[in-house]
Amino acid sequence: MIRKNSHFRLAAFLLFFFFAFGQASVGHAKEVKIGFVASGDTINDSSFNEMAVAGLRRLQKEEQVEIVVCKGGFGSESVREAIDSLLKEKVSILVINSASAKQRFGEIALDHPDVVFILNDCSIEGYPNIISIEYAQGVGSCLVGAFCAWQTKTGRIGFIGGNEAPVINDFLNGFLQGVKYSGRDVEVDVKFVRSGVSERGFEDPQQANTLAMGMYNNGADIVYAVAGLSGNGVIQAARKSGNYVVGVDSDQDYMAKGTVLTSMMKRLDVAVYKESLAVLNGSYVPGRKVYDLTNGGVGLTEMKYSKHLVSADVLNMLDGLRKGLASGKIKLKPSSD
């Protein structure tokens, strides 16, 4: 009975949404308010959250919008509180970075048909006011894995994830397949700042630093840090030990010039900007969106401070792999998670 009522409610909502709103713009007659729920407690993390905010700030320069930012904290309850707080602010668009919200997100959308929700790192379909964005971080990480394998001088590299959530395992899966693609016999040391899915693993640079120093002391000369703010601890360890690191989400190359070899950019700034602008213009398409190599959703930096450390052969092989992945000629095996 509960399932039937839920389906009836959704069907009624779809009819209401179509007739009441259609595909209309949220309007430019007055300033539009856009809310953003960050993952965890740090907004300026030089990574995941900061990239989303960058996309909203770009939009703010071009359109009449007000941006209201709220910390999501840790756990589904605190995320829900942040969402409710922004809904009380009468936002028209709500961008959410925390996967903790997905368990009841359809219900929230049903209750607020006049708000368009943009959810990063989550796949939800069937609602006319939900845009769920996924990123091909596995593909981007395949480039990182091959690059690290070709670049290492010790034959040992590392991967440090913020936690063991499916999205982090997707990074790891692509990374390991990239190492395999390289054709080199390379050892990979894998560690997580937190076991399980605790988002606190993305805000503990001290623990990440300890893990990274252990890897460098054991012979790794490059570590891929997929850990949000915690990745800053890995960068510090690389700089202190005279080794190298690969950043993630944003362009972190400047944080330790020549020590950060490259960064696997996950372009939340591009996706959030494009999808929010489409909502403002009334041209958005709800449902699942994928941002990958073909539309600028993921990719490596230009290695502004480190290209002189990389041979022409490695750069050429990396470009060939990128083209093969983008065209679909080279395919990744899906993660087991």
Side-chain angles (χ1 to χ4, degrees), residues 6 33-56 66-127 129-135 137 161-171 192-204 226-231 248-249 266 268-269 271-272 275-276 279 286-289 337:
S6 177
K33 190 175 289 187
I34 302 177
F36 171 64
V37 177
S39 174
D41 281 341
T42 304
I43 295 167
N44 298 319
D45 58 359
S46 301
S47 189
F48 190 63
N49 288 328
E50 201 164 309
M51 286 294 275
V53 172
L56 292 174
E66 176 186 353
I67 309 299
V68 185
V69 177
C70 192
K71 297 174 183 178
F74 304 101
S76 58
E77 288 186 11
S78 62
V79 172
R80 182 60 192 263
E81 288 175 3
I83 291 172
D84 289 343
S85 173
L86 290 173
L87 290 172
K88 288 177 182 177
E89 293 273 347
K90 303 298 183 182
V91 298
S92 298
I93 302 171
L94 184 49
V95 180
I96 301 178
N97 261 14
S98 179
S100 298
K102 70 180 180 181
Q103 48 191 310
R104 295 183 63 188
F105 208 74
E107 178 183 327
I108 298 171
L110 286 172
D111 289 338
H112 299 276
D114 53 337
V115 178
V116 177
F117 298 85
I118 299 174
L119 186 61
N120 282 308
D121 269 351
C122 192
S123 178
I124 296 179
E125 297 183 277
Y127 297 87
N129 59 334
I130 293 181
I131 299 169
S132 66
I133 305 174
E134 296 178 273
Y135 299 85
Q137 58 267 336
N163 62 19
E164 298 174 296
V167 66
I168 301 302
N169 281 318
D170 195 29
F171 277 97
F192 299 95
V193 181
R194 288 287 192 282
S195 59
V197 296
S198 171
E199 291 189 353
R200 294 186 184 276
F202 298 106
E203 297 193 15
D204 190 351
V226 185
L229 180 66
S230 295
V248 79
D249 292 339
K266 187 168 171 176
L268 279 81
D269 57 332
V272 168
E275 300 302 333
S276 298
V279 175
R288 176 176 173 266
K289 306 292 180 64
D337 288 287

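What you are looking at is a predicted structure, and each value in this text was computed from that prediction instead of being measured. Both backbone and side-chain heavy atoms feed into the values below; hydrogens, waters and symmetry mates do not. We number each residue from 1, following the sequence as shown.
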Smallest separation among heavy atoms of [X] and [Y], with atom names:
X: Gly201; Y: Ser230; answer: O-OG, 2.7 Å
X: Ala227; Y: Gly161; answer: CB-C, 4.2 Å
X: Cys70; Y: Ala82; answer: SG-CB, 3.7 Å
X: Ser78; Y: Gly72; answer: OG-O, 2.8 Å
X: Val91; Y: Ile34; answer: CG1-C, 4.2 Å
X: Val95; Y: Ser276; answer: CG2-OG, 4.2 Å

(request) For side chain to side chain contact (heavy atoms under 4.5 Å, CB included), just list the numbers for Leu86 and Phe36, CA-CA rounded to whole Å, side-chain angles, deciding distance to a tenth of an Å, and then say yes or no. (result) CA-CA 8 Å; Leu86 290 173; Phe36 171 64; 5.7 Å; no

(request) For Arg288, check side chain to side chain donor-acceptor pair (under 3.5 Å) against everything at least two apart and list the hits. (result) Glu134

(message) List the residues meeting side chain to side chain donor-acceptor pair (under 3.5 Å) with Asn163, not counting sequence neighbours, and say none if there are none.
(response) none

For residues 48-56, please give each side-chain donor-acceptor pair under 3.5 Å, one per line with the distance, not counting sequence neighbours.
unit_1	atom_1	unit_2	atom_2	d
Asn49	OD1	Ser39	N	2.9
Asn49	OD1	Asn97	ND2	3.1
Asn49	ND2	Ser39	O	2.8
Asn49	ND2	Thr42	O	2.8
Glu50	OE1	Asp45	N	3.3
Glu50	OE1	Ser46	N	2.9

(message) Going by side chain to side chain donor-acceptor pair (under 3.5 Å), Lys266 matches just one of Asn120, Asp249, Asp121. Which one?
(response) Asp121

(request) Using the test side-chain contact (heavy atoms from CB on, under 4.5 Å), find all partners of Glu275 that sit at least two apart in sequence or belong to another chain. (result) Ile118, Ile131, Ile133, Lys289, Tyr291

(request) For Asp41, enumerate each residue passing the side-chain contact (heavy atoms from CB on, under 4.5 Å) test, keeping only those at least two apart in sequence or located in another chain. (result) Lys71, Phe74, Glu203

(request) State which residues pass ring pair (Phe, Tyr, Trp, His ring centres under 6.0 Å) with Phe117; sequence neighbours excluded, sorted by chain then number. (result) Phe105

(request) Evaluate the criterion side chain to side chain contact (heavy atoms under 4.5 Å, CB included) for residue pair Phe192 and Ile168; output intermediate values, then yes/no. (result) CA-CA 10 Å; Phe192 299 95; Ile168 301 302; 4.1 Å; yes

Quick check: do [X] and [Y] have side-chain heavy atoms less than 4.5 Å from each other?
X: Leu229; Y: Ser47; value: no
X: Ile108; Y: Leu94; value: no
X: Arg80; Y: Asp84; value: yes

(message) Could you check whether atom CD of Glu77 has more than 12 heavy atoms from other residues, nucleotides or ligands sitting under 6.0 Å from it?
(response) no

(request) Step by step, work out the side chain to side chain contact (heavy atoms under 4.5 Å, CB included) result for Leu268 and Tyr135. (result) CA-CA 9 Å; Leu268 279 81; Tyr135 299 85; 3.5 Å; yes

(request) State the CD1-CD1 distance between Ile67 and Ile93, to the nearest 0.5 angstrom. (result) 8.5 Å

(message) By the salt bridge (Lys or Arg N to Asp or Glu O under 4.0 Å) test, which pairs, at least two apart or in different chains, include something from residues 88-97?
(response) Lys33-Glu89

